[in-house]
Amino acid sequence: MSQSSADRIVTDLRKWIEGVGAGTQLPPSRELAARYGASPVTVQKAMRILVGLGLVESRPGAGNFVRGTRLTRPLNFSWQTSALRTAAGRLPVLSTPMREVAVDAIGLHSGYPAKELLPQRAVRAALVRAARSESALSRSPASGLPELQAWFAGELAAATPAGVTPVAARDVIVVPGTQSGLSSAFRALAGPGQPVVMESPTYWGAILAAAQAGVQVVPVASDADGPDADDVARAFAETGARLFYAQPNFANPTGAQWSPARRDRVMAVVREFGAFLIEDDWARDFGIDDDPVPMAAYDDNGHVVYLRSLTKSVSPAVRVGAVIARGPVRERMLADRGAESMYVSGVLQAAALEVVLQPAWRSHLRALRGQLRERRDLLARSVAEHMPYAGIEQLPPGGLNLWVRLPDEVDLDRLVRDCENDGVLIAAGTEWFPTEPSATFIRLNFAGPDPSRFPDGTSIIGRNIAEQLA
Ligand SMILES: Cc1ncc(COP(=O)(O)O)c(C=O)c1O
């Protein structure tokens, strides 16, 4: 087994603790170190976390024990119910793709790539250097480090065809992850009660951000070629919406890439209605069969507000992304960002910049493409072999996920629960639909789990589906 981190040990032991009574002694540290292939220091760290969480107590000389409820009087928070009043909108605490995985589980639910697919050495070295640089002790400008703004602008400019004026560094706002850029877009460019058009299915985080901003989501169906431009036009005309949130390249969850014809027609509709396209280019670095060209590269009239994330390709710990927008909309976005978070940590920006400026970054991306292809194809083969009732409508030309259609009779909640009990985590497709799902889907991530476990994982899902249909 590979070395476990303290967090993984904690996650696993928390599950164990749930199943045993108060006062149960935990295995000795030596045994835990052997079980998890971890160092004694890591096990001690995990114990300190569990003690801090109030789940374990340490009895010097005797060992560590599952803690009983020590409270002599029940705490009373009922006053908060009156103080908090009705929630503006109830948000789920965490979507399935963000759940932690127990040590031995097969986590096909997650949205992130495995660390083997990250430029690990470059990230570690860049963080060390950033810690030693001026950025460790200073405040960065509100719209980001100028060199990083220039890099983001340069990347988009490089994809811009002749005849279109490319973006400049000043058009870039660096954000602490594009999730917060999305929240800003919905809040600052629409606002409570205002309509925002979205593809269906679409990214669950966009659905959450829309709910948080109190905007009214107007769904338009999107297939492997993208949305029908007439549907988008109708949605604009009927609701008065002036924002369309979309993922033209390798959409999460379907992996779909808009065809050139759809791109042109949708862009024409966006212009005709004087609207904005919020282009979420989350998978810019995850092209497999095709190089993604952003819609933003073809727009110099300020219709496209472009979101570009580095979180999943550089490192989830270097959470840096960009919003690129031109005209007054950029000022509107910047004002919202200022009120929300003022500026992004200079250390993270410096580290991200150092990684993407190295020549090794380009070779890393080329190698990544091959690794993603292998993983995608292996998972697709495993689905075909072990999940006979399931279908993949389109092998995604990029991204990190397979979107798998199941028979409509399948009870998804039950399937997710049963698979989890059997050690496989999957994400129910319902989370990607802003309104009622059009059919029954699950999303399986091929970039996260160990590919050697794809056959086992899909066999377990396949068996559970078959049991439901029997
Ligand atoms: C489609 C899509 N957009 C945006 C994000 C947000 O990414 P980040 O905030 O890490 O930049 C994600 C993350 O899962 C995503 O899948």
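Remember, it's 1-based here, ligands and their atoms both numbered in the order they're listed.
Closest of all the heavy-atom pairs between S452 and P455 is O-CD, 3.6 Å.
Remark: minimum distance from atom 16 (O) of ligand 1 to any protein heavy atom is reached at N252 ND2, 2.8 Å. When hydrogens are left out, the protein atom nearest atom 3 (N) of ligand 1 is D280 OD2, 2.5 Å; that is the closest non-hydrogen contact. In terms of protein heavy atoms, atom 10 (O) of ligand 1 is closest to T311 OG1, 2.8 Å.
Each of the following atoms of ligand 1 lies closer than 4.0 Å to a heavy atom of Q179: 6 (C), 8 (P), 9 (O). Close contacts of ligand 1 with K312, meaning ligand atoms under 4.0 Å from a residue heavy atom, involve 12 (C), 13 (C), 14 (O), 15 (C), 16 (O). Against a heavy-atom cut-off of under 4.0 Å, R319 is close to the following atoms of ligand 1: 8 (P), 9 (O), 10 (O). In summary, the atoms of ligand 1 found under 4.0 Å from a heavy atom of Q247, numbered by their order in the structure, are 1 (C).
The shortest N or O to N or O distance between Y245 and ligand 1 is not below 3.5 Å.
A donor-acceptor pair under 3.5 Å is formed between the side chain of Q349 and the backbone N or O of L145.
Atom CH2 of W432 sits about 6.5 Å away from atom CH2 of W403, to the nearest 0.5 Å.
Considering only heavy atoms from C-beta on, Y298 stays 4.5 Å or farther from M267 through its side chain. Residues Y306 and L156 are in side-chain contact: their nearest non-hydrogen atoms beyond the backbone lie under 4.5 Å apart.
For D456, there are no salt bridge (Lys or Arg N to Asp or Glu O under 4.0 Å) partners, not counting sequence neighbours.
Contacts with ligand 1 closer than 4.0 Å are made by heavy atoms of both the backbone and the side chain of T178.
Heavy atoms of other residues, nucleotides or ligands lying less than 6.0 angstrom from CZ of R332 number 12 at most.
Across Y112, W204, Y203, W282, heavy-atom proximity to atom 5 (C) of ligand 1 is greatest for Y203.
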